[in-house]
Trainee: 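Dumping the structure here so I can ask a few things about it.
Just so we're clear, the structure is a prediction, and the values are computed from it rather than from any experiment. Naming: A, B, ... by sequence-line order, numbering from 1 per chain.
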Amino acid sequence: MTTTTERKLTTQKAIAEAIAQEMEADDSVFVMGEDVGVYGGIFGATEGLLDRFGPDRVMDTPISETGFIGAGIGAAINGMRPIVELMFVDFFGVCMDQIYNNMAKIHYFSGGNVKVPMVLTTACGGGYSDAGQHSQTLWGMFAHLPGMKVVVPSNPYDAKGLMISAIRDDNPVVYMFHKGVLGLGWMTPNPRAIGPVPEEPYTVPIGKAAVAREGSDVTVVTVGLTVHRALDAAETLADKGISAEVIDLRSLVPLDREAIVESVKKTHRLLVVDEDYRSFGMTGEVVATAVEGAFDYLDAPPLRVAVPDVPIPYSRPLEQFVLPDADKIVAGVETLMAG
Amino acid sequence: MLQLLTPSGDVLGEPPLSVDLTRRLYRAMVYVRTFDRKCAALQKQGRLATYAPFEGQEAAQVGSAAPLDPEDWMVASYRDAAAMWMQGYPWELLIAWRTGDERGGRPPEHVSVLPPSITVGGHMLHAVGLAWSARHFGEERIAITYFGDGATSEGDFHEAMNLAAVYGLGVVFFCQNNQYAISMPRTAQTRSETIAEKAIAYGMPGVQVDGNDLFAVFTATAEAIDRARAGDGPTLIEAVTYRLGPHTTSDDPSRYREESEVEQWRRRDPLERVRIFLSERDAWTPEWQERLETEASTEIERAVELAEGMDGLGPARIFEAMFDELPPHLVDQRAEALRSVGQ
């Protein structure tokens, strides 16, 4: 790394910096959503933008998700590059028609002619007792529905690079940030939420996974905050003589299937970890990918650590009970190794 | 309710349009009616997918689209082919879309019309964003959006009206109150006396017009367009009209309305009163009518040939229209689909 990359930022500040730099470079980029202006975004993703770019390009909206997501689609069709924030992904229920029936499908319905280059940003995840309507990840839902790219950064470097890629992409991109990776003062401290971020604009390709830690005995595939949990688990496992490879998917659509298959061919064992619900989600898709692409290489049936199919509990101990953590990942890997 | 031309062809006050322009818009109404009847017939023959006819609403659509500038955005619903054609959307694409060919949803360059919306009301928001971006870019264009009385019960209507008013955007909300949300009559949809009066709550003007009166529709829409272009914000127009046909070709309206009601509305036909108006000014003859109908049929027949002559769709296209560039998983899925049909 050069000295310039040693500057450290939290993930939240890296996101805000990416947006600011793209707004600086391109007058058609703008931000809209609830509390994105004066407040700077409820999770700080648009911090400082109002002062720099003014209320015409950093637009606070009424509580009207269908309204402003739909308006964002219209603005994108006319050549703008909107960044529209859905405050919590849990609120998708009131505006999903705009997201999956309009934003994601207009390109197809127009025979590929009408482009919707917009970024839908949204905060995901639990772990801070915010209960069942403010703590879900739900990325499996968005990744399931055709027509939108879905990215989930886990660290400051990827957060900035993926945001710049998302803004420049000519397709709709859903940018889902886990609250636990942002480095917010009021969340449980997370040393992995701060890291080196180059000052200059750069991109991280959408659709490419990263090997967050190399290993040879077992592959742990995950995304978002559970990448941090898996890295913690890998350290514990190393002490026990088990070498775990951690794959950070970074994008769910397109999914880097090759990275999954290649790693499984190397380690012969697969654990998939997800903070989304277990059934019909990312874990099933990754296991299917490994089985389709590396069946003969598997030494044990793949295992999953995911949230059971229940709402995220309000109670702190019950919430911790359902969320994946390092201990559950260690236990899962040990089961795999014994198999 | 604004009415300038009565069903019996009497003008109230000075005619707002010249005889020449009236003739051109009458011709347009003959053309779109020919199109509409042709599409209903093609559907019966299995050559079109489900079709939503608009007979009875010709003046509402033609009269409201006529005052637009060519670059003005139009965001319309599945029943608004007449308005879309007025704004430059070619017949053959309107037909192709109705055969199920997504290429029919591809607006030609310089035609500022989005593919028609199927979801009820969602597209109104896109007009809000289009108008907002037009203002950002310093463009003169405004956005008009077409929807029915049924859509005004959707939350999307509320959010679109509110946002457009809050930001003072150049949007014309054009509601064709055709009296039914499939089977539910207008009076059962809302306790408001009119749909136009809903505008008051959003702080924008609301105008109710006789939607079968070409002159009233044209006049009210032209005023709303002027307001929008001048930066004076959005307007809601309620065009009171009637869907003479079924909701779609899958619907049987006799299950929810009396034939006598339909007959009553037939007597308020939007074309007939303009015909009388022109006839009284020696600007309409049966020969001209016959010529118009023949020309319209020929032009639409040709468009049907063009639409039906488009290359076969093939399974590859459904993948290729998904993204700007085809991502790896769709490359794989396309290959699998092509293998399955032996390609």
Trainee: Give a yes or no on this: more than 12 heavy atoms of other residues, nucleotides or ligands lie within 6.0 Å of atom CD1 of A:Ile63.
Mentor: no

Trainee: Which atom names give the shortest non-hydrogen contact between B:Leu130 and A:Gly74, and what distance separates them?
Mentor: CD2-O, 3.1 Å

Trainee: So what's closer than 4.5 Å to chain B heavy atoms on A:Glu258: side chain, backbone, both or neither?
Mentor: neither

Trainee: Between B:His329, B:Arg103, B:His136, who has the most heavy-atom pairs with chain A when the cutoff is under 4.5 Å?
Mentor: B:His136

Trainee: Is there a side-chain contact between B:Asp156 and A:Gln98, using heavy atoms and a 4.5 Å cut-off?
Mentor: yes

Trainee: When only pairs under 4.5 Å are counted, which of B:Pro107, B:Pro327, B:Ala127, B:Gly155 shares the most heavy-atom pairs with chain A?
Mentor: B:Pro107

Trainee: Supply the atom-to-atom distance B:Glu320 CD to A:Tyr108 OH, rounded to the nearest 0.5 angstrom.
Mentor: 11.0 Å

Trainee: Count the heavy-atom pairs under 4.5 Å between each of A:Pro172, A:Pro254, A:Pro117 and chain B, then report the option with the highest count.
Mentor: A:Pro254

Trainee: Show the numbers, then the answer: is there a side chain to side chain contact (heavy atoms under 4.5 Å, CB included) between B:Trp73 and A:Ile77?
Mentor: CA-CA 11 Å; B:Trp73 279 107; A:Ile77 289 169; 4.1 Å; yes

Trainee: When rounded to the nearest 0.5 angstrom, what is the spacing between NE2 in B:His123 and CG in A:Asn101?
Mentor: 13.5 Å

Trainee: Any sub-3.5 Å donor-acceptor pair from B:Glu159's side-chain atoms to A:Thr66's backbone N or O?
Mentor: yes

Trainee: Where do A:Asn78 and B:Glu139 land on the side-chain hydrogen bond (donor to acceptor under 3.5 Å, both in side chains) test, with the steps shown first?
Mentor: CA-CA 11 Å; A:Asn78 198 35; B:Glu139 298 170 344; 3.2 Å; yes

Trainee: Is it the backbone or the side chain of A:Asp169 that comes under 4.5 Å from a heavy atom of chain B, or both, or neither?
Mentor: neither

Trainee: Taking atom NZ as the centre, does A:Lys115 end up with more than 12 heavy-atom neighbours from other residues, nucleotides or ligands that are less than 6.0 angstrom away?
Mentor: yes

Trainee: Report, as yes or no, whether the 6.0 Å neighbourhood of atom CD on B:Glu308 holds more than 12 heavy atoms from other residues, nucleotides or ligands.
Mentor: yes

Trainee: Out of A:Met148, A:Glu65, A:Arg257, A:Met32, which one racks up the most heavy-atom pairs below 4.5 Å with chain B?
Mentor: A:Met148

Trainee: Between B:Trp132 and A:Phe68, does a ring-ring contact (aromatic ring centres under 6.0 Å, His included) hold up when you go through it step by step?
Mentor: CA-CA 11 Å; B:Trp132 188 81; A:Phe68 62 76; over 10 Å; no

Trainee: For B:Arg141, is it the side chain, the backbone, both, or neither that has a heavy atom closer than 4.5 Å to a heavy atom of chain A?
Mentor: side chain

Trainee: Give, for atom OG1 of B:Thr119 and atom NZ of A:Lys105, the distance between the pair rounded to the nearest 0.5 Å.
Mentor: 9.5 Å

Trainee: As an exercise: rank A:Ser28, A:Ala71, A:Gly112 by heavy-atom pairs under 4.5 Å with chain B and give me the winner.
Mentor: A:Ala71

Trainee: Using a 6.0 Å cut-off, check whether atom OH of A:Tyr202 has over 12 heavy atoms from anything other than its own residue.
Mentor: yes

Trainee: Return yes if some donor-acceptor pair links the side-chain N/O of A:His107 with the main-chain N/O of B:Met322 below 3.5 Å, else return no.
Mentor: yes

Trainee: Given that the side chain runs from C-beta out, which part of B:Ala131 has a heavy atom under 4.5 Å from chain A: side chain, backbone, both or neither?
Mentor: neither

Trainee: Could you tell me which portion of A:Asp97 (side chain, backbone, both or neither) has an atom closer than 4.5 angstrom to a non-hydrogen atom of chain B?
Mentor: side chain

Trainee: Using heavy-atom distances under 4.5 Å, tell me whether A:Val94 contacts chain B through its side chain, its backbone, both, or neither.
Mentor: neither

Trainee: Measuring from A:Ser64:OG to B:Leu125:CG, what's the distance to the nearest 0.5 Å?
Mentor: 7.0 Å

Trainee: Strictly distance-based, threshold 3.5 Å: is any side-chain N or O of B:Arg106 a donor or acceptor partner for the main-chain N or O of A:Gly111?
Mentor: yes

Trainee: Side chain, backbone, both or neither: which part of B:Leu114 has a heavy atom under 4.5 Å from chain A?
Mentor: side chain

Trainee: Compare every heavy atom of B:Phe137 with every heavy atom of A:Gly79, then report the nearest pair and how far apart it is.
Mentor: O-CZ, 3.7 Å

Trainee: Is there a donor-acceptor pair under 3.5 Å between the side chain of A:Asp170 and the backbone N or O of B:Asp324?
Mentor: no

Trainee: I'd like to know which of B:Asn162, B:Asp332, B:Leu163, B:Val128 tops the heavy-atom pair count under 4.5 Å against chain A.
Mentor: B:Leu163

Trainee: With respect to chain B, which residue among A:Asn102, A:Val116, A:Val114 yields the maximal number of heavy-atom pairs within a distance under 4.5 Å?
Mentor: A:Asn102

Trainee: Search all heavy atoms of B:Ser133 against all heavy atoms of A:Met80 and return the closest pair with its distance.
Mentor: CB-SD, 3.3 Å

